[in-house]
Protein chains: 2
Amino acid sequence: MALPSTYADRNCSLARALEIVGERWTLLIVRDAFFGIRRFGDFASQLGIPRAVLTNRLKFLVQENVLERVDGEYLLTAKGLRLWPVLRAMMAWGDEHYSPGGARRTFRHDADGGLLDTGDRCSTCGEVVSAPDVRIEPGPGFDPGNATPDPVSALLNTPRRLLEPL
Amino acid sequence: MALPSTYADRNCSLARALEIVGERWTLLIVRDAFFGIRRFGDFASQLGIPRAVLTNRLKFLVQENVLERVDGEYLLTAKGLRLWPVLRAMMAWGDEHYSPGGARRTFRHDADGGLLDTGDRCSTCGEVVSAPDVRIEPGPGFDPGNATPDPVSALLNTPRRLLEPL
DNA sequence: TTCGGCCAGTTCAGTGAATGAACTGCCGAT
DNA sequence: ATCGGCAGTTCATTCACTGAACTGGCCGAA
């Protein structure tokens with residue numbers, strides 16, 4: 001997927017979106033950013049992605065204003081935060097079809113602890129919650145034996161709010 | 001993105017989902033399937049995708065039970081239909097950030113004509129609508145000058161229900 | 001001041017997938 | 001028999017990904 005890979009179909013916003021976040025690794029990088037990862041080395045070790053590719057992806061995401069660099073850290077911009085529903089929808093589909101033990105992660109409204117549906121609507125207060133107000137925790141389908149033992153993963157598998165730095 | 005590209009992170013359903021629909025072209029193929037395209041040649045000409053790649057992607061999607069072959073046509077399965085929210089979320093993001101003239105397509109509840117929000121909730125009846133009940137039409141940001149003149153595109157840019165064959 | 005470690009990013013050779021164009025083979029209609 | 005359209009294959013080329021080693025800046029300690 002070359003960078004200006006210009007899916008010819010300009011009249012479909014899906015094609016446009018895929019030009020930005022459709023490359024291999026990109027959405028996983030964005031996911032990790034939501035999970036609180038901010039530094040080059042943490043992205044690299046968490047994803048097992050070749051460093052050269054990571055450099056390219058981060059550069060591109062910054063250029064496209066999905067991430068911004070602040071004090072050497074990579075942070076999601078407002079535009080990047082709006083990708084949360086995309087990730088959420090994909091995770092829901094993956095849980096539904098590839099996780100027989102139930103969802104691997106559970107999402108709650110941090111303010112009132114209400115469970116969030118796949119559209120991030122809170123079962124307690126009824127509001128649609130945006131990313132910074134989401135708390136994420138291991139769900140019934142989470143497999144501890146499958147988790148890598150490094151300290152960063154351990155932190156990520158602990159209940160925590162989205163975007164909270166490690 | 002190799003086929004068993006095994007994003008190491010098995011405990012994230014996003015990684016699992018991306019192994020299925022994360023390859024280049026795949027989501028565009030699925031989108032076209034929602035738009036009513038069913039035949040090899042129509043996918044190929046509509047997407048401008050190399051035929052060898054199309055063959056691989058269709059084969060893989062059938063193997064993964066996202067599409068099924070019926071009478072030589074490629075149809076979305078129940079599992080494939082559940083990808084609609086993913087496409088919808090991506091289109092919404094693309095519209096929001098890359099379509100200054102407004103959304104390129106508008107979605108309505110076919111039964112009552114109500115506008116659908118980005119979570120496919122109908123503004124008239126309040127229900128969340130699933131793919132077969134969605135009607136799609138060119139939106140304010142649609143650029144007719146950008147549309148290719150072939151008859152298939154012309155059909156696709158006409159108001160119609162999702163999944164309706166050409 | 002110098003040494004060493006850590007972190008971010010680059011370089012590079014090897015591999016594998018995407019690309020685009022041409023080709024094959026299978027119908028069904030004339 | 002033959003023609004045309006459709007589905008899929010083949011093939012040489014190009015391009016991106018991979019993984020491992022390397023470079024260079026920035027500390028903090030000796």
Side-chain angles (χ1 to χ4, degrees), chain A residues 1-9 15 18-29 32-33 36-64 67-75 148 150-152 155 165-166, chain B residues 1-9 15 18-30 32-33 36-64 67-75 148 150-153 155 165-166:
Chain A
M1 203 170 289
L3 292 201
S5 62
T6 180
Y7 290 106
D9 191 348
L18 285 172
E19 287 177 18
I20 311 301
V21 297
E23 292 182 298
R24 186 144 148 77
W25 298 113
T26 300
L27 277 180
L28 292 175
I29 292 170
D32 277 6
I37 290 182
R38 299 179 164 192
R39 287 194 322 220
F40 185 93
D42 288 337
F43 284 111
S45 64
Q46 194 60 26
L47 295 170
I49 176 181
R51 305 168 76 78
V53 177
L54 181 57
T55 301
N56 286 340
R57 294 293 187 276
L58 289 172
K59 212 175 279 179
F60 183 64
L61 287 172
V62 168
Q63 177 192 317
E64 289 296 328
L67 298 179
E68 59 182 337
R69 274 202 91 167
V70 179
D71 294 337
E73 300 197 317
Y74 295 92
L75 304 183
T148 45
D150 65 287
V152 175
L155 254 184
L166 298 182
Chain B
M1 205 171 287
L3 291 202
S5 62
T6 180
Y7 290 108
D9 190 348
L18 285 172
E19 286 177 18
I20 312 301
V21 297
E23 293 181 299
R24 186 144 147 78
W25 298 113
T26 301
L27 277 181
L28 292 174
I29 292 170
V30 171
D32 276 6
I37 290 182
R38 297 178 165 193
R39 288 190 323 216
F40 185 94
D42 287 337
F43 283 111
S45 64
Q46 194 60 26
L47 294 172
I49 177 180
R51 304 167 79 79
V53 176
L54 182 58
T55 301
N56 287 339
R57 294 294 186 274
L58 289 172
K59 211 174 279 179
F60 183 65
L61 287 171
V62 168
Q63 177 192 316
E64 289 296 328
L67 299 179
E68 59 183 338
R69 273 203 92 164
V70 180
D71 296 337
E73 301 197 317
Y74 295 93
L75 305 183
T148 44
D150 64 289
V152 174
S153 296
L155 254 182
L166 299 182

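Reminder, nothing fancy here: chain letters follow the sequence lines and each chain counts from 1. Computed over heavy atoms, backbone and side chain alike; hydrogens, waters and symmetry mates excluded.
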Notebook entry, point to check: For the pair made of CG in B/L54 and P in C/dA17, what is the distance, rounded to whole Å?
Noted result: 18 Å

Next item on the list: Let me know the distance between CD1 of A/I49 and C1' of C/dA8, rounded to the nearest Å.
Entry: 14 Å

Notebook entry, point to check: Can you tell me how far the CG atom of A/D32 sits from the CG atom of A/L47, to the nearest 0.5 Å?
Noted result: 4.5 Å

Next item on the list: Would you please name every residue forming a side-chain contact (heavy atoms from CB on, under 4.5 Å) with A/Q63, sequence neighbours left out?
Entry: A/F60

Next item on the list: Look up atom CG in B/L54 and atom CH2 in B/W25, then write down how far apart they are to the nearest 0.5 Å.
Entry: 10.0 Å

Next item on the list: Search all heavy atoms of A/I20 against all heavy atoms of A/L61 and return the closest pair with its distance.
Entry: O-CD2, 4.4 Å

Notebook entry, point to check: How long is the gap from CZ on B/R38 to CZ on B/F43, to the nearest 0.5 Å?
Noted result: 9.5 Å

Margin query: In whole Å, I'd like the distance from the CG atom of B/L47 to the P atom of C/dT19.
Written below: 11 Å

Next item on the list: Using atom CZ of B/R57 as one end and atom C1' of C/dA18 as the other, report the distance to the nearest whole Å.
Entry: 8 Å

Notebook entry, point to check: Just how large is the angle between the end axes of the helix from C/dT1-D/dA30 to C/dT30-D/dA1, five pairs per end, to 10 degrees?
Noted result: 0°

Check: Roughly how many Å is it from CD in A/E23 to P in C/dA18, rounded to a whole number?
Finding: 13 Å

Note to self: Distance check needed: C/dC27 C1' versus B/R39 CZ, whole Å only.
What the structure shows: 14 Å

Notebook entry, point to check: Roughly how far, to the nearest 0.5 Å, is OH of B/Y74 from CZ of B/R39?
Noted result: 12.5 Å

Notebook entry, point to check: In whole angstroms, how far is the P atom of C/dC26 from the CG atom of B/D71?
Noted result: 20 Å

Item checked: Point-to-point distance, once rounded to the nearest 0.5 Å, from CD1 of B/I49 to CZ of B/R24 -> 8.5 Å

Next item on the list: Round to the nearest Å and state the distance from A/R24 atom CZ to D/dT18 atom C1'.
Entry: 10 Å

Check: Going from CG on A/L27 to CZ on A/R57, what distance comes out if it is rounded to the nearest 0.5 angstrom?
Finding: 11.0 Å

Notebook entry, point to check: Within the side chain of B/T26, is there an N or O that forms a donor-acceptor pair under 3.5 Å with the backbone of B/G22?
Noted result: no

Margin query: Across nucleotides 9-14 of chain C, 5' to 3', mark each nucleotide with B, S or - according to how protein heavy atoms within less than 4.0 Å reach it.
Written below: BBB---

Notebook entry, point to check: Below 4.0 angstrom from OP1 or OP2 of D/dT18, is there any side-chain N or O of A/W25?
Noted result: yes

